[in-house]
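These notes are about the structure you will find just below.
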Amino acid sequence: MVRKMEKIKFEIYDKIEIYSNAGELIGRSEVQEHKEDVLHISAPIGLDGIKILEVGEKISAIYYHDTKTYKFTTKVINRFVEGMKIFVLQKPEKYEVIQRRESVRVDHSLPITYVVLSEKETELLLNSNVAPKEIKTEFAIRFIEAKTFNVSAAGLGIFTMEDTIKTGDHIIGFIDIDGREEMIFMQAVKITRDHTVPNSAVRKIGTKFVKGSRGLEERMFQDLFTVMRNQKN
């Protein structure tokens, strides 16, 4: 829904994605400073390095703050160097706000250990009271070490070298959040190659949380945001 802008709560180091007026991703940036009418951001980083925005250029932006996503159009009104390249954006008068928590997907790298299970194994574990420690012991020989590349309340993005996982496969993952290990049930919904590295064997697995996974996904997402905010401060 498009509305007249009341007040977006901009915060330093929040993530912002910059798009061309045609809708193509230019790069990802961070808020460096905000004033009454303007927003200072760092130079956007694209797949092939730092991007330069031209003064007067019209752009679109997606701004992530806590569990909300704001979309708006604006223009670059200045640029300068102050230890780093800074681009000054005009704060928008109108924006589109997406309030669904599932839509907020944040780039974040965390170690994760996971195992691919059959549908029957997953169903049995979801309906059992088996402790996570026992599950980890039971499937120890099948566990794979990997890393996340983004997180949301809907699922995780995982970088892996495994080449046998398929769309629809069921996964149990163990992830450490602020010193506490959490167990989560997921399903692979999208699998692609990591095209940012030529001839890479790394695969990108998009997952969704399986409903009924002991209610951990929402708390995990909240805790991750708390940890990330604390790391920035």
Side-chain angles (χ1 to χ4, degrees), residues 15 17 25 28 47 62 64 66-69 98-197 200-228:
K15 305 294 183 183
E17 294 177 355
L25 177 64
R28 295 178 171 85
L47 292 178
I62 297 180
Y64 298 95
D66 285 340
T67 58
K68 288 185 179 179
T69 305
I98 303 171
Q99 295 181 330
R100 292 181 60 205
R101 190 180 299 273
E102 288 81 2
S103 68
V104 183
R105 188 168 290 275
V106 179
D107 293 340
H108 197 58
S109 178
L110 287 170
I112 183 171
T113 304
Y114 74 89
V115 61
V116 178
L117 302 176
S118 68
E119 187 173 354
K120 185 175 181 180
E121 287 173 325
T122 302
E123 186 176 351
L124 286 172
L125 290 174
L126 280 172
N127 295 313
S128 74
N129 292 316
V130 180
K133 187 176 181 180
E134 292 180 35
I135 293 176
K136 204 167 184 181
T137 300
E138 176 70 22
F139 296 100
I141 195 170
R142 291 163 53 185
F143 271 103
I144 296 167
E145 302 291 332
K147 281 188 177 294
T148 67
F149 60 86
N150 62 36
V151 299
S152 78
L156 300 177
I158 300 172
F159 279 132
T160 182
M161 296 291 289
E162 184 188 7
D163 59 4
T164 59
I165 191 168
K166 307 181 299 298
T167 300
D169 279 351
H170 293 263
I171 302 165
I172 288 183
F174 287 86
I175 194 166
D176 186 276
I177 301 174
D178 203 20
R180 184 184 66 254
E181 188 172 61
E182 296 281 19
M183 180 178 72
I184 46 179
F185 289 81
M186 300 169 283
Q187 188 173 18
V189 295
K190 185 177 181 180
I191 300 174
T192 58
R193 292 286 179 186
D194 180 14
H195 296 298
T196 62
V197 181
S200 173
V202 175
R203 305 176 86 199
K204 298 173 71 173
I205 313 298
T207 73
K208 67 176 182 180
F209 293 124
V210 174
K211 296 299 181 183
S213 58
R214 303 183 182 180
L216 290 175
E217 62 273 12
E218 179 69 15
R219 179 160 59 85
M220 185 195 76
F221 187 63
Q222 291 274 15
D223 289 350
L224 273 172
F225 265 98
T226 299
V227 170
M228 286 187 284

Mind checking the CD-OG1 spacing from Q187 to T207? Nearest 0.5 Å is all I need. 9.5 Å
Heavy atoms of other groups near E119 CD, more than 12 under 6.0 Å: no
Rounded distance [0.5 Å steps], OG1 in T160 versus NZ in K204: 13.5 Å
Heavy atoms only: give me the nearest I205-A188 pair and the separation to one decimal. CG2-CB, 3.9 Å
Can you confirm whether D176 sits close enough to L110 that some side-chain heavy atom of one is under 4.5 Å from a side-chain heavy atom of the other? no
Looking at I175, is its backbone amide N or carbonyl O close enough to the side chain of E182 to form a donor-acceptor pair, meaning the two atoms are under 3.5 Å apart? no
Distance in Å, T69 OG1 paired with K15 NZ, rounded so as to fall on 0.5 Å steps: 14.0 Å
For the residue pair S118 and H170, what are the closest heavy atoms and their distance? O-CB, 4.4 Å
Do L125 and E138 have side chains that get closer than 4.5 Å, going by heavy atoms? no
Can you tell me how the ring of F149 sits relative to the ring of F159, calling it parallel under 30°, perpendicular over 60° and tilted otherwise? tilted
Sequence neighbours left out, what passes ring pair (Phe, Tyr, Trp, His ring centres under 6.0 Å) with F139? Give chain and number order. none
Do any pairs count as a salt bridge (charged side-chain N to carboxylate O under 4.0 Å, His left out) and have a residue in residues 156-175, sequence neighbours left out, and if so which ones? K166-D169
Testing I165, I184, L156 for side chain to side chain contact (heavy atoms under 4.5 Å, CB included) with I171, which one passes? I165
For side-chain contact (heavy atoms from CB on, under 4.5 Å), just list the numbers for I158 and K147, CA-CA rounded to whole Å, side-chain angles, deciding distance to a tenth of an Å, and then say yes or no. CA-CA 6 Å; I158 300 172; K147 281 188 177 294; over 6 Å; no
Do M183 and I172 have side chains that approach each other closer than 4.5 Å (heavy atoms only, starting at C-beta)? yes
If you measure from CE on M186 to OG1 on T122, what distance do you get to the nearest 0.5 Å? 10.5 Å
